[in-house]
Amino acid sequence: MGRFEGKVAYVLGGGSDGPARPGEELPMGNGRAIALRLASEGARVVVGDKDRDRAEATVAHLRTPGLAVEVDAADPESCRAAVEEAVRFGEGRLDVVVCNVGVSGREPAKVQSLEDWDTANDVNVRSHWLTAQAALPRMLAQGQGAFVFIGSTAGVLSSRRSLSYEATKAAQLGVMRHLAVRYGGRGIRSNAVALGNIDSALVRREFGEGGAARGSVVPMGREGTPEEVAAAVAFLAGDDASYVTGQNLLVDGGVSAAWPTPPNAPA
Ligand SMILES: NC(=O)c1ccc[n+]([C@@H]2O[C@H](COP(=O)([O-])OP(=O)(O)OC[C@H]3O[C@@H](n4cnc5c(N)ncnc54)[C@H](O)[C@@H]3O)[C@@H](O)[C@H]2O)c1
């Protein structure tokens, strides 16, 4: 029996728009890897994405029956409608909601634009609470439900690159904790993962090749993989984490545990 047998999950941002890793047939992003992992353990998965083709590509690779839903995270009505579709697909059930969608940026404080700030807020935070708000009545009626928010180490440490990204990833943790504390007594758990350097389609798209260099600053000496992200999410979403809530699990190969040292410092 898989950990998610009989359960229904919704992954917001469950496509992946490449590029693929060398030799990879299906470009693997975090959202897609999470959907595949939950399905591999028995969940029926609804994959929401603004690009229907990408969502369908994920669904086509699920082990269990799934549904692709077109959703624009920047549009509140679309966020709510997607949850309704997920509940319909689950014939009234919705057990796990993973809010993965997120946009990064490259504007430090001096040049931070209002437009980039608003987009980051709409997609990285507002869509997540609206999705959670739409899912809560169903989960509360069931007496159980789990949220997992996909965050970044940029929510707890400055990457010095993007003010809007850092600020919204920190705000996302506030949403995660609020749900955990407010509804914890009614069977709802809410947690986040803060991702470090992951060899995902998003990173290859935005930062190009150079995975070895990115990995070299990580205590574990390498980037993480979307599959490793998915394993952490599956833990938090499932009953193995039945007494874990309100937490931000750093999936970063040890970056946040390290004191910065110059490369040629004596050991
Ligand atoms: N190194 C990393 O990979 C890393 C590090 C830190 C945090 N993260 C977080 O991981 C998450 C995304 O990872 P991914 O690999 O799945 O990225 P991805 O770029 O593959 O995005 C997943 C999907 O989100 C969809 N999407 C984008 N904007 C959307 C919108 N407005 N509405 C609906 N769907 C939309 C895209 O079409 C894509 O298919 C983000 O929350 C990001 O902040 C990643």
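- Looking at every heavy atom in both residues, Arg52 comes nearest to Ala68 through NH1-O, 3.5 Å.
- Follow the hydrophobic side-chain contacts under 4.5 Å out from Val148 and you reach Phe235 in the same cluster.
- Comment: Lys7 engages Asp239 in a salt bridge, judged by a side-chain N to carboxylate O separation of less than 4.0 angstrom.
- In this structure, CG on Leu140 lies 4.5 Å from CZ on Arg186, to the nearest 0.5 angstrom.
- Using a 4.0 Å cut-off between a side-chain N of Lys or Arg and a carboxylate O of Asp or Glu, Glu84 and Arg80 do not qualify as a salt bridge.
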Pair Asn248-Asn191, side chain to side chain contact (heavy atoms under 4.5 Å, CB included): steps then yes or no: CA-CA 6 Å; Asn248 181 30; Asn191 292 287; over 6 Å; no
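- Remark: side-chain polar atoms of Arg189 are paired, donor with acceptor, to backbone N or O of Gly238 under 3.5 angstrom.
- Side-chain N or O atoms of Gln247 include one that pairs as donor or acceptor with a backbone N or O of Thr245 at under 3.5 Å.
- The shortest distance between side-chain heavy atoms of Thr131 and Tyr10 falls below 4.5 Å.
- Listed here is the closest heavy atom pair of Ala35 and Val45: O-CG2, 3.8 Å.
- A side-chain N or O of Arg32 and one of Thr58 form a donor-acceptor pair less than 3.5 Å apart.
- A salt bridge links Asp17 to Arg54: one of the charged nitrogens lies within less than 4.0 Å of a carboxylate oxygen.
- For the atom pair SG of Cys99 and CZ of Phe149, the computed distance is 4.5 Å after rounding to the nearest 0.5 Å.
- The shortest distance between side-chain heavy atoms of Pro226 and Ser200 falls below 4.5 Å.
- Looking only at side-chain heavy atoms (C-beta outward), Asp49 and Val71 stay at 4.5 Å or farther from each other.
- Here the CG atom belonging to Asn197 is positioned 12.5 Å from the CE atom belonging to Met220, to the nearest 0.5 angstrom.
- With Phe89 as the aromatic partner, Arg44 meets the cation-pi criteria of under 6.0 angstrom to the ring centre and within 45 degrees of the ring axis.
- Under a hydrophobic-cluster definition in which Ile, Leu, Val, Met, Phe, Trp and Tyr are linked whenever side-chain heavy atoms come within less than 4.5 Å, directly or via other members, Val123 and Val69 are assigned to the same cluster.
- Judged by distance alone, with hydrogens and angles left aside, the side-chain atoms of Gln144 form no donor-acceptor pair with the main-chain N or O of Ile188 at under 3.5 Å.
- Annotation: side chain of Leu163 is in contact with side chain of Trp117 (closest heavy-atom distance under 4.5 Å).
- Atom NZ of residue Lys50 and atom OG of residue Ser78 lie 11.5 Å apart, to the nearest 0.5 angstrom.
- Remark: the Ser164 side chain and the Glu107 side chain contain no N/O donor-acceptor pair separated by less than 3.5 Å.
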Audit row: Met28, Ser16, side chain to side chain contact (heavy atoms under 4.5 Å, CB included) steps and yes/no: CA-CA 6 Å; Met28 196 55 70; Ser16 179; 5.8 Å; no
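- For the pair Glu41 (side chain) and Leu38 (backbone), a donor-acceptor distance under 3.5 Å is absent.
- Contact record, Leu94 with Ala135: CD2-CB, 3.8 Å, taken as the closest heavy-atom pair.
- Using a 4.5 Å cut-off on side-chain heavy atoms (C-beta onward), His61 and Leu26 make contact.
- Not one N or O on the side chain of Arg126 forms a donor-acceptor pair closer than 3.5 Å with the backbone of Pro76.
- Linking Ile, Leu, Val, Met, Phe, Trp and Tyr residues whenever their side-chain heavy atoms come within less than 4.5 Å leaves Val217 and Leu250 in two separate clusters.
- Annotation: side chain of Leu67 is in contact with side chain of Glu85 (closest heavy-atom distance under 4.5 Å).
- A distance of 4.5 Å separates CG of Asp199 from CZ of Arg204, quoted to the nearest 0.5 Å.
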Residues Ser127, Asp122; criterion side chain to side chain contact (heavy atoms under 4.5 Å, CB included); working and verdict: CA-CA 6 Å; Ser127 81; Asp122 292 353; over 6 Å; no
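- Glu223 and Gly211 get closest at one heavy-atom pair: OE1-CA, 3.2 Å.
- Using modelled atom types, no side-chain atom of Glu206 and backbone atom of Val203 make a donor-acceptor pair closer than 3.5 Å.
- Counting all heavy atoms, side chain and backbone alike, Gly105 lies closest to Asp116 at CA-OD1, 4.2 Å.
- Atoms OG and OH, from Ser158 and Tyr165 in turn, are 12.5 Å apart once rounded to the nearest 0.5 Å.
- Under the 4.5 Å side-chain heavy-atom criterion for ILVMFWY residues, no single connected hydrophobic cluster contains both Val97 and Leu195.
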Arg21 and Glu227: CA distance, side-chain angles, deciding distance, salt bridge (Lys or Arg N to Asp or Glu O under 4.0 Å) verdict: CA-CA 13 Å; Arg21 289 179 283 206; Glu227 291 80 1; 2.8 Å; yes
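- Between Val255 and Pro219, the shortest heavy-atom contact is N-CD, 3.7 Å.
- Side chain of Ser190 to backbone of Met176: a donor-acceptor contact under 3.5 angstrom is found.
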Pair Leu136-Phe147, side chain to side chain contact (heavy atoms under 4.5 Å, CB included): steps then yes or no: CA-CA 10 Å; Leu136 265 173; Phe147 293 101; 4.1 Å; yes
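- When only modelled atom types and interatomic distance are considered, Gln172 and Asn124 share no side-chain donor-acceptor pair under 3.5 Å.
- Note: the hydrophobic cluster containing Tyr183 does not contain Val98 (ILVMFWY, side chain heavy atoms under 4.5 Å, direct or indirect links).
- In this structure, Pro19 and Arg205 have side chains that are in contact, with non-hydrogen atoms separated by less than 4.5 Å.
- Dense packing is recorded around CZ of Arg106, with more than 12 heavy atoms of other residues, nucleotides or ligands lying under 6.0 Å away.
- Counting heavy atoms from C-beta outward, Ile150 and Val193 have side chains that approach closer than 4.5 Å.
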